[in-house]
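What follows is one structure encoded as structure tokens, with my remarks underneath.
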Amino acid sequence: MLTIAIVAMVSTEYWNQAGTTKTFGNPLELTWLAGVSRQASIVDYGCGYGRLAGELLAAGYTDIEGFDVSAPLIERAGQEHPAARFTVLEDPPRLPREDASVDVLLLFAVLTCVPDSDAQRGIIAEIRRVLKPGGLFYLSDYCLQEDERNRTRYRAQEARFGLYGMFETSDGAICRHHERAWLRELLTGFEVARERDVPVVTMNNNPAIATQFLARR
Ligand SMILES: C[S@@+](CC[C@H](N)C(=O)[O-])C[C@H]1O[C@@H](n2cnc3c(N)ncnc32)[C@H](O)[C@@H]1O
């Protein structure tokens, strides 16, 4: 538990500093939300500077709330997208929302920066708690990459972290790329409706493949 707390502290510091200079790019496939009412309650967990809220507002969705551990990112999100609501998460993964009160939950490139398996399970349990029965969980994250640059860093840092796929970036972010089976395990109990792999540019400007799931509670 102490290790989780230390990694979380380091992580928040990273997002408050280096994180504020980054551009995030995991793409939102709006057609996956076809059929979702424009008045639906949408929560973006780990919303960063509100990139996805901006896309949802532009598409006509009206009830969007973003949560993030980073106060500077939340402040920027509020300035750039005043029509959405943004809140700093004081006690992650606890969301200040009622049980079964959310129609759609987005979790984009957050698991990758919360590498501990138990911490990831905690986020997913919280998502399950706040989603309405039948609500949608849209997950976008990174499976293990197959290019040589990534494989080299997985191998080089496996002993340090005790997990193949976990690494520290050159600017100090501690990240995890996942076994696909692990992401599927996290989705146990959800009904997976869609899955795709999509090319992205990471926040450190490297090409990668993101994996996305649309799952129903
Ligand atoms: C790679 S960024 C992605 C931001 C946003 N989801 C997007 O795709 O534009 C990861 C975000 O997760 C946030 N984050 C990191 N650890 C978190 C945690 N334990 N709970 C909530 N947010 C967290 C960071 O502050 C950062 O904004």
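In what follows, residues are counted from 1 in the order of the sequence shown. FYI, side chains are in, hydrogens and waters are out, and symmetry mates aren't considered; it's all heavy atoms of this structure. Numbering of ligands and ligand atoms starts at 1, following listing order. Note that the structure is predicted; figures quoted are calculated from it, not measured.
Checked against a 3.5 angstrom limit, the closest N/O atoms of Ser70 and ligand 1 fall outside it. Note: no N/O pair closer than 3.5 Å links Met203 and ligand 1 by distance alone. For ligand 1, the polar-atom distance check finds no N/O of Cys113 at less than 3.5 Å from any of the ligand's N/O atoms. In terms of polar-atom proximity, defined here as any N/O pair under 3.5 Å, Arg51 does make such a contact with ligand 1. In terms of N/O distances under 3.5 Å, ligand 1 is approached by Asp68.
Nearest to atom 16 (N) of ligand 1 among the protein's heavy atoms is Val114 CG2, 3.7 Å. When hydrogens are left out, the protein atom nearest atom 23 (C) of ligand 1 is Val69 CG2, 3.6 Å; that is the closest non-hydrogen contact. Of the protein's non-hydrogen atoms, Gly46 CA, 3.6 Å is the one closest to atom 22 (N) of ligand 1. Here the heavy atom of the protein found nearest to atom 3 (C) of ligand 1 is Phe108 O, 3.5 Å. For atom 1 (C) of ligand 1, the nearest protein heavy atom (residue, atom name, distance) is Ala109 O, 3.4 Å.
Side-chain contact check for His177 and Tyr154: at least one donor-acceptor pair (N or O, by modelled atom type) lies under 3.5 Å. For Ser70 and Asn16, the side-chain atoms include at least one donor-acceptor pair closer than 3.5 Å.
In summary, the atoms of ligand 1 found under 4.0 Å from a heavy atom of Cys47, numbered by their order in the structure, are 5 (C).
Contacts between Ser140 and ligand 1, counted as non-hydrogen atom pairs separated by less than 4.0 Å, are absent for every part of the residue. When non-hydrogen atoms are compared, ligand 1 lies under 4.0 Å from the side chain of Phe24 (C-beta onward) but not from its backbone. Within the 4.0 Å heavy-atom criterion, the part of Tyr45 lying near ligand 1 is the side chain and not the backbone.
The closest approach between any non-hydrogen atom of Pro93 and ligand 1 is not below 4.0 Å. Residue Asn26 places no heavy atom under 4.0 Å from ligand 1.
Lys22 and Asp171 are joined by a salt bridge, as a carboxylate oxygen and a charged side-chain nitrogen come within less than 4.0 angstrom of each other. The pair Asp91-Arg94 does not count as a salt bridge, with every side-chain nitrogen at least 4.0 angstrom from each carboxylate oxygen. The pair Asp63-Arg85 meets the salt-bridge criterion, since a charged nitrogen lies less than 4.0 angstrom from a carboxylate oxygen. We find that Asp197 and Arg180 are joined by a salt bridge, their nearest charged nitrogen and carboxylate oxygen being less than 4.0 Å apart. Salt bridge annotation for Arg51-Glu80: absent, with no cationic side-chain nitrogen under 4.0 angstrom from a carboxylate oxygen. No salt bridge links Glu126 with Arg97; every basic N to acidic carboxylate O contact stays at or beyond 4.0 Å.
Residue Lys132 holds its NZ atom at 7.5 Å from OG of Ser101, rounded to the nearest 0.5 Å.
Taking Thr31 as the reference, Glu29 meet the side chain to side chain donor-acceptor pair (under 3.5 Å) condition, with sequence neighbours excluded.
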